[in-house]
There are 2 protein chains.
Amino acid sequence: MSLPHALLTSLLEQPCSGMDLARRFGRSIGFFWPATHQQIYKELGKLEAAGWVRSTAEEGARGRKRCYEVLPAGEQELKRWVAEADDPPPLRDAMMVRLRAEAALGTGAGVENDLLHRLARHRTQLALYEDIEQRDFTGRELSAAEQLQYLILQSGLATEREHIRFCEKALALLEALEPAES
Amino acid sequence: MSLPHALLTSLLEQPCSGMDLARRFGRSIGFFWPATHQQIYKELGKLEAAGWVRSTAEEGARGRKRCYEVLPAGEQELKRWVAEADDPPPLRDAMMVRLRAEAALGTGAGVENDLLHRLARHRTQLALYEDIEQRDFTGRELSAAEQLQYLILQSGLATEREHIRFCEKALALLEALEPAES
DNA sequence: TCCTTTTATGCAATTAGTTGCATCTTTATA
DNA sequence: TATAAAGATGCAACTAATTGCATAAAAGGA
C-alpha cells in the first residue's frame, strides 16, 4: 500500500491542501497511483496522527482549506520506504479474460468491442503523455530530478504504445480468423 | 469484476473441481486474473446459485471433491459479457512512486533495491512464458483457439520484456546520476 | 489400527479502494 | 440581500481481494 508514500512525495515536491493534492494526482503521480479525494483526506489524517506531516489553516481561502507539509519524521519514513523492494503488482486485465473466453466459445463472441474501446483510450492517454513530454522535457537541459521524472513518463509512453500495438494485432488476428463477420 | 467469467471460461475449456481450477489458474488464466482457492470456492457457490454452473460429487476421489460444469445459461452469460467493453484497469505501481520519491528526496535513497528485485522477477516470468511458447505454440499449425491463446501469451511476453528494458534503463540512469554511489 | 499427511473445501477478519452522499464556507449572481 | 454555485472537507456503505485459520475425507506409513 503506497498511498501514504505517494502523498509524502507529492507534499515534499510542494506543500498544499488535500484538494490540491487530488488535482495534482490527476496529472502526475496519479498516473501510477490513482486516488480519490476521499481516500486522500482520510490518509492525510493518518499521516498527521503519525507525526509525518503537519497542517495549518490557510486564511483567506475558500472552505476550511488546510495546507499540509512534510515533517522530518515523514521524510525519514519516505527514505526508509524507498529503499524497500516488493514484487511487481499482480496484473488483472479483463480483456485478456475476454480473449480467452472468445477462444473457448468459438470466435464471433464480440471481443472486438472491448479492443476498439481500449484502443481509443490508449491512444488518448498516449497523446496526453506526448503532450507532457513535449511541454516539460523537450529542448533543454534536465536536472537530475527531471531526468528521473522523464524516465517515469517514458515508462507510461512505452506502456501505452505497447497496448496500442497489442490491440491492433489482436483486431487483425480476429479479422483474419472470422472474415465473414466484418 | 471478472472472476466469475474467468471461472466460466476455464470450466468451459475443461470441467473440473475448485482445487483443479485453483491449480490451473496458477499457470494460464491466472497470469491475467490471479485468484486464491478461497476466492474460487466462494465464487463457484455464487455461480451455482445463479444457475450458471452445476456440480456433481466426484466418487472415488479424496475429500469432498465436486466437479463443476458450465450450464447453457452460464455460456449465455459469458457470451453477453465478452461483448461488453470497459476501461483499461487503473495501474498502480509502487516502484514508479519510489522513483518519483527518489527524485524528490535527491538521489541516493536506494530505489535500486526495488529495481533489481523486479528485474529478477520479470526475467523469471519471461523465462516461464518463453517455456510455454516453446512447448505449446512452436513448430506446428495452430487452431483458431490456439492462435488466440498464443496472442494472449505474446502480450505477456511483450509486457515482461518491456519491464525488463525499463528496469535496465532506470538502473543505468541512476548509475550515471550518482557515480559515487557504486 | 492409529496417526500423520495430503487433498479438498470453506469460514472469518481485515484491508484497500470505490461510490454516493453530507456539510460547511466563500464567491458570484439575480 | 437572499440564493445559488463552486470550492473544500469528510462520513458511511459497499465491494473485491488478501490472509489466516478450520474442517473433512481419504491415503499412506508405523
Side-chain angles (χ1 to χ4, degrees), chain A residues 1-7 10-11 15-26 29-50 53-68 81 86-94 97, chain B residues 1-7 10-11 15-26 29-50 53-68 81 86-94 97:
Chain A
M1 215 274 290
S2 332
L3 179 57
H5 302 96
L7 293 175
S10 199
L11 288 175
C16 66
S17 71
M19 185 56 44
D20 294 334
L21 274 174
R23 273 192 284 264
R24 276 160 50 187
F25 258 58
I29 283 194
F31 291 138
F32 300 100
W33 204 279
T36 61
H37 68 97
Q38 291 95 328
Q39 261 182 296
I40 290 172
Y41 285 121
K42 203 198 308 180
E43 202 59 47
L44 282 173
K46 289 186 195 169
L47 293 184
E48 189 158 28
V53 303
R54 78 190 168 104
S55 69
T56 48
E58 218 172 82
E59 299 304 327
R62 297 195 166 203
R64 313 161 261 189
K65 195 168 187 173
R66 304 191 64 75
C67 180
Y68 287 84
W81 177 80
D86 48 32
D87 289 345
L91 75 91
R92 282 205 170 75
D93 190 339
V97 179
Chain B
M1 214 276 290
S2 331
L3 180 57
H5 302 95
L7 293 174
S10 198
L11 288 175
C16 65
S17 71
M19 184 58 42
D20 294 335
L21 273 174
R23 274 193 283 265
R24 276 161 50 186
F25 258 58
I29 283 193
F31 291 138
F32 300 99
W33 204 279
T36 60
H37 67 97
Q38 291 95 328
Q39 260 183 297
I40 290 171
Y41 285 120
K42 202 197 310 178
E43 202 60 45
L44 283 173
K46 290 187 195 168
L47 293 184
E48 188 157 27
V53 302
R54 80 189 165 103
S55 69
T56 49
E58 218 171 80
E59 300 303 326
R62 296 192 169 206
R64 315 160 262 189
K65 194 168 186 173
R66 305 191 63 77
C67 180
Y68 287 84
W81 177 81
D86 48 30
D87 290 344
L91 76 91
R92 283 206 170 75
D93 191 339
V97 180

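In this entry the distance linking NE2 of B/H37 with P of C/dT6 reads 16 Å, nearest Å. If you measure from atom CD of B/E43 to atom P of C/dC11, you get 14 Å, rounded to the nearest angstrom. Summarising the geometry, the separation between CD1 on B/I40 and P on D/dA16 is reported as 16 Å, rounded to the nearest angstrom. We find that NZ of B/K42 is positioned 12 Å from C1' of C/dT14, with the value rounded to whole Å. Whole-Å rounding puts the B/R66 CZ to C/dT9 C1' distance at 11 Å. Atom-to-atom, CD of B/E58 to P of D/dA24 comes out at 21 Å; the value is rounded to the nearest Å. In this structure, the CD atom of A/Q38 is 13 Å from the P atom of D/dT9, given to the nearest Å. The interatomic distance linking A/M19 (CE) with C/dT25 (P) rounds to 16 Å, in whole Å.
Contact annotation: B/Q39 does not reach the phosphate of D/dA16 (side-chain N/O to OP1 or OP2, under 4.0 Å). Considering only side-chain N and O atoms, A/Y41 lies nowhere under 4.0 angstrom from the phosphate OP1 or OP2 of D/dG10. At C/dA8, one or more side-chain N or O atoms of B/R23 fall inside 4.0 Å of OP1 or OP2 (strictly under the cut-off).
Looking at heavy-atom distances under 4.0 Å, B/M1 makes contact with sugar-phosphate atoms alone, never a base.
Of all the heavy atoms in A/G18 and A/L44, the pair that sits closest is CA-CD1, 3.7 Å.
Nucleotides of DNA chain C nearest to A/P34 and B/S17 differ in position, and the one nearer the 5' end is that of B/S17. Nearest-nucleotide mapping onto DNA chain C: of B/G18 and B/R92, the residue sitting toward the 5' end is B/G18.
The 12-atom threshold is not exceeded at CZ of A/R54, counting heavy atoms of other residues, nucleotides or ligands nearer than 6.0 Å.
At least one side-chain heavy atom of B/R23 sits under 4.5 Å from a side-chain heavy atom of B/M19. Residues B/K46 and B/P4 fail the side-chain proximity criterion, which asks for heavy atoms closer than 4.5 Å.
No side-chain donor-acceptor contact under 3.5 Å links B/S17 and B/E58.
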